Visitor: 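Sharing a structure here in structure tokens format.
Keep in mind that this is a model prediction, so the values were computed, not measured. Chain letters run A, B, ... following the sequence lines, proteins first, then strands; residues in each count from 1.
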Amino acid sequence: MSSLPEKYDHTATEKTAQAFWERSAAFKAVEDATKPKYYCLSMFPYPSGKLHMGHVRNYTIGDVLTRFHKMRGYNVMQPMGWDAFGLPAENAAIANKVPPAKWTYDNIEYMKGQLKSLGFAIDWSRELATCKPEYYKWNQWLFLRMLEKGIAYKKTQVVNWDPVDQTVLANEQVIDGRGWRTGAVVEKREIPGYYLAITQYADELLNDLDTLDQWPERVRLMQANWIGKSTGVRFAFPHEIKDETGTLINDGKLWVFTTRADTIMGVTFCAVAAEHPLATHAAKNNPELAAFIQKCKSGSVMEADMATMEKEGLPTGLFVTHPLTGEQVEVWVGNYVLMSYGDGAVMGVPSHDERDFAFAKKYGLTIKQVIAVAGKEFSTEAWQEWYGDKENGVCINSGKYDGLSYSAAIDAIASDIKALGLGDKKLQWRLRDWGVSRQRYWGCPIPIIHCDDCGSVPVPDDQLPVVLPEDCVPDGSGNPLHKRPDFLNCACPKCGKPARRETDTMDTFVDSSWYYARFATPGNDTAMVDERVNYWLPVDQYIGGIEHAILHLLYSRFWTKVMGDLGLVNYREPFKRLLTQGMVLNHLFSRRSDKTGIEWFAPEEIDLVKDEAGRVTGATAKRDGNPVDYGGYGTMSKSKRNGVDPNAMIEQYGADTSRFFMMFTAPPEQTLEWSDAGIEGSYRFLKRVWAFGHVFASQIKPQLPASRTLASAKLNDKLGSLRREIHLLLKQANYDLGKQQFNTVASSCMKMLNALEKAPRDSGIAAEVIEECFGILLRVLSPITPHITHTLWADLGYVKNEGDDILSAPWPEPLEAALVQDEIELVLQVLGKTRGSVKVPAGADNKAIEALAIASEAAQKFMEGKPAKKVIVVPGRLVNIVV
RNA sequence: GCCGGGGUGGCGGAAUCGGUAGACGCAGCGGAUUCAAAAUCCGCCGCCGAAAGGCGCGAGGGUUCGAGUCCCUCUCCCGGCACCA
């Protein structure tokens, strides 16, 4: 046993522990069929430059689970990689004239060092970066498989076009309708692009949500809403409307979708979107309509505006035929009809749809009641909540359908329409196919070659990967690949003639849709994944931000199903359990001035003003002592100057303190409010842990017993209750770890130390009890603060074999023998009000407990001489006397 | 508007099956130590009340011996979706 230094030196402690883990390859994961496996994964970071607090929180949660399961005997893998393609690298290139590749690799190097300084149990031998050809080769390979299966296909897409830079802009590069660099008004352009038919999997993606019972309910709901399944009838209004060349527009059919086919006899108009072909046609000789259509197209898409937007429309003067009644129905253009949903047209039933009702009232259209609801009176004056009451409605004024209920009417009407060849029942999805083409340089090249004779030709497998040149420096105008003949020029794989490579790259969501599978099969350069993938996958625990609740997780689920259908993997869902961690917030301080606008202050530039009760009543700037506005808590951001740098935190307090604070301050799913005083408190706790270990090691000098004698030893009151308390806290901590509620695990550790510090240390048996209890504390604490516990564990002489440390020690379990007690204290209630407590022997039956309770002083006082009518005994908890 | 989640001290947050509300920490107050301060240690710390006691988990009602927890009504906050036909 070496003697511990008195003072807790976090820097030295952490360096030593990290060197040990590095030397012993402590985190290397090897497939082992004899052990249960546990694949713990945190969402990999974008290498933006340096870690932020959100990363620290995310990866600490993952690390706690990783270490906990390792000690529980699982074969654990925790890998890490880099989501390395993306726009910020191109922006940095424009600003600094550095190739995105260099910028990215430099950032990876730096951030990797930061992750190591936090002591995460990561198997770095599995590291990957999505910008490396050995990784993105398989993006390309799977894309080609999707092309073969018809899952990937080509169609035109609308993009933002900067006319000055002659380049396509991403949505986030368009600010108020203008290009971010040039300020030029952005145009919409139609260009060809590749799509992935995620809609082919819509049904399975929706249904399998039910199997994800370890995902947060809200994430499953968000995905279900996003997929947006609705059942209804799609049918057509026939018409004779022809364009100037004499051809029927849309083959003479105006298609609409409805979930309320039972109201079809109440149709008094149709409404189409501004982009609909009938609208375009009608606008040709109608300047007023053309202007209205223009207004709709350029209208605000802000959510708040949409919600309050007035329903507006104009008649087209065109008429279509009602498929069942043969009546002529006028077509309107409505600003509330979306071209992107269904067929961009709706039937108008003012009597039974709230929007149609408002529209009809505004323009004086006919309102024809076709559904009657018992107990409700129809009115053409005010909306009567008919729409929501469809289950109780019955058809009226509907000819042969009169008297039919909601579902019977839909069945009858759908089959009549089908017989006419004008439509059928149909599932409608909100989900749309995934456009993956990006007109950007820093991404995975789409493996297509354009030949004048053969058209778009897929790159043959043996020519993969299509390698992206890493030395381009984008300048903001166009894709730099266009200036690279060495990349651009190639031979057509079909005919051999000179051809051009596709310069579009893939959406970076492609890269992140399967990286978790590649971690299982590092180094394989002949296959995307191999049989090892079915050992490690699915991921047992995935941890990341709620902002990825929809797109990333949905795309990954889709990608998994495609890989499954190709026989590459044998699972259908990639992530068994999901934890979405909350954001990290900090105080916001600002001052508004007429000259400079809003000026933000960093928290360290501020003095808080408090009243005598410690309440914050205001804030002043240290600089001038004048007041600033306190804006509560907000997400940490550079522009608001309220970020906390992980490096500074680690330097000042150490990785263990940082990790402990993150775990202790808030439960993992909730937002975490930063507090300088809070991190001080965490540091104080670890200093006490260190000091206790020091005192324990140098003063008590326990003779670690070869065989434990405690189980049979008769302990005195103080030692017995200390031991019981520690084992109870351990039981609680184990329960909380199962719930993934780490804040209370941390607080259990604090309670253990509080109890240990008060314990008597005056006997050999005391030393033994303390040794057992402190050993429990160290192990429970170790997943959260691995460095300090590693050192104390070793210095107290627990390590028996070279290369072992606390991580290879077994997780402690509470001993029943330590929990029993001779006498238990029950809460005493009279008439449901707590009036004190009563001590009873551990084995006492209810009768004896009742008698003891009634006889107690406190009960006698509050019973006021009245007899007990009823006594309720909750074993081990309380006794309640009713008088 | 719809769908989720939530409202507990000055603050972050505990409370497992309906059973002592406020664990643990922060801030605050008092004390010890110190020439002094920092650090450290000890004590107090929901509200009203001198005390006995009463009141307290967004508001109101209900079920129960007993409700932060279950049921109903309302309210506010957060997140998601949204003229979805």
Visitor: Is A/Arg355 close enough to B/C84 that one of its side-chain N or O atoms is under 4.0 Å from OP1 or OP2 there?
Guide: yes

Visitor: Quantified in whole Å, what is the C1' atom distance between nucleotide B/C47 and nucleotide B/C57?
Guide: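 Straight-line distance between the two C1' atoms is 13 Å.
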
Visitor: A/Pro667 has a side chain; which of B/C83, B/A14, B/C65 sits nearest to it?
Guide: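 Closest nucleotide to the A/Pro667 side chain: B/A14.
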
Visitor: Check A/Glu312 with A/Lys295, please: is the shortest side-chain N to carboxylate O separation under 4.0 Å?
Guide: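 Salt bridge: yes.
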
Visitor: State which of B/G12, B/C55, B/A85 makes the closest approach to the side chain of A/Lys833.
Guide: B/C55

Visitor: So, A/Glu669 versus A/Thr580: side-chain donor-acceptor pair below 3.5 Å or not?
Guide: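 Side chains of A/Glu669 and A/Thr580: pair found under 3.5 Å.
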
Visitor: Taking a pair as Watson-Crick or G-U wobble with both distances under 3.5 Å, which nucleotide is matched to B/C17?
Guide: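 The base-pairing partner of B/C17, which may sit in any strand shown, does not exist here.
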
Visitor: How does protein reach along nucleotides 19-26 of chain B, written 5' to 3' as B (base within reach of a heavy atom under 4.0 Å), S (only sugar-phosphate), or - (no contact)?
Guide: BBS-BBSS

Visitor: For nucleotides B/C17 and B/G10, find the distance between their C1' atoms and express it as a whole number of Å.
Guide: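 About 34 Å, rounded to a whole number of Å.
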
Visitor: Which of these nucleotides, B/G4, B/A52, B/C84, is closest to any side-chain atom of A/Tyr341?
Guide: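 Nearest listed nucleotide: B/C84.
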
Visitor: A/Lys311 side chain N/O closer than 4.0 Å to the phosphate oxygens (OP1, OP2) of B/C83?
Guide: no

Visitor: Nearest whole angstrom, please: distance from the P of B/G6 to the CG of A/Leu221.
Guide: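 That distance rounds to 13 Å.
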
Visitor: Go ahead and name the base partner of B/G9; Watson-Crick or wobble counts if both distances stay under 3.5 Å, otherwise write none.
Guide: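 Its partner: none found.
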
Visitor: From C-beta outward on A/Ile550, which listed nucleotide comes closest to its side chain: B/G13, B/U40, B/G80?
Guide: B/G80

Visitor: Side chain of A/Val337 only, heavy atoms from C-beta on: which candidate in B/C81, B/A85, B/G80 is closest?
Guide: B/A85

Visitor: Is the distance between the ring centroids of A/Phe509 and A/His552 under 6.0 Å?
Guide: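 Ring centroids of A/Phe509 and A/His552 are no less than 6.0 Å from each other.
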
Visitor: With both distances kept under 3.5 Å, what pairs with B/A85, Watson-Crick or G-U wobble?
Guide: none

Visitor: Partner lookup for B/C55, please. Criteria are Watson-Crick or G-U wobble with both distances under 3.5 angstrom; report none if nothing qualifies.
Guide: B/G46

Visitor: Please list, chain by chain and in numerical order, all residues satisfying side-chain contact (heavy atoms from CB on, under 4.5 Å) with A/Phe862, sequence neighbours excluded.
Guide: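 Partners of A/Phe862 by the side-chain contact (heavy atoms from CB on, under 4.5 Å) criterion, ordered by chain and then number, come out as A/Val830, A/Arg835.
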
Visitor: With both distances kept under 3.5 Å, what pairs with B/A37, Watson-Crick or G-U wobble?
Guide: none

Visitor: Salt bridge check, A/Asp424 against A/Arg234: does any charged N sit closer than 4.0 Å to a carboxylate O?
Guide: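 No.
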
Visitor: If you assign A/Phe257 and A/Arg835 each to the RNA chain B nucleotide with the nearest heavy atom, which residue ends up on the more 5' nucleotide?
Guide: A/Arg835

Visitor: For the pair A/Tyr341 and A/Phe257, name the ring-plane relationship: parallel under 30°, tilted 30 to 60°, perpendicular over 60°.
Guide: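 Taking A/Phe257 first and then A/Tyr341, their aromatic rings stand perpendicular (interplane angle over 60°).
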
Visitor: State whether the side chain of A/Asp262 and the backbone N or O of A/Ala409 hold a donor-acceptor pair below 3.5 Å, judged by distance alone.
Guide: no

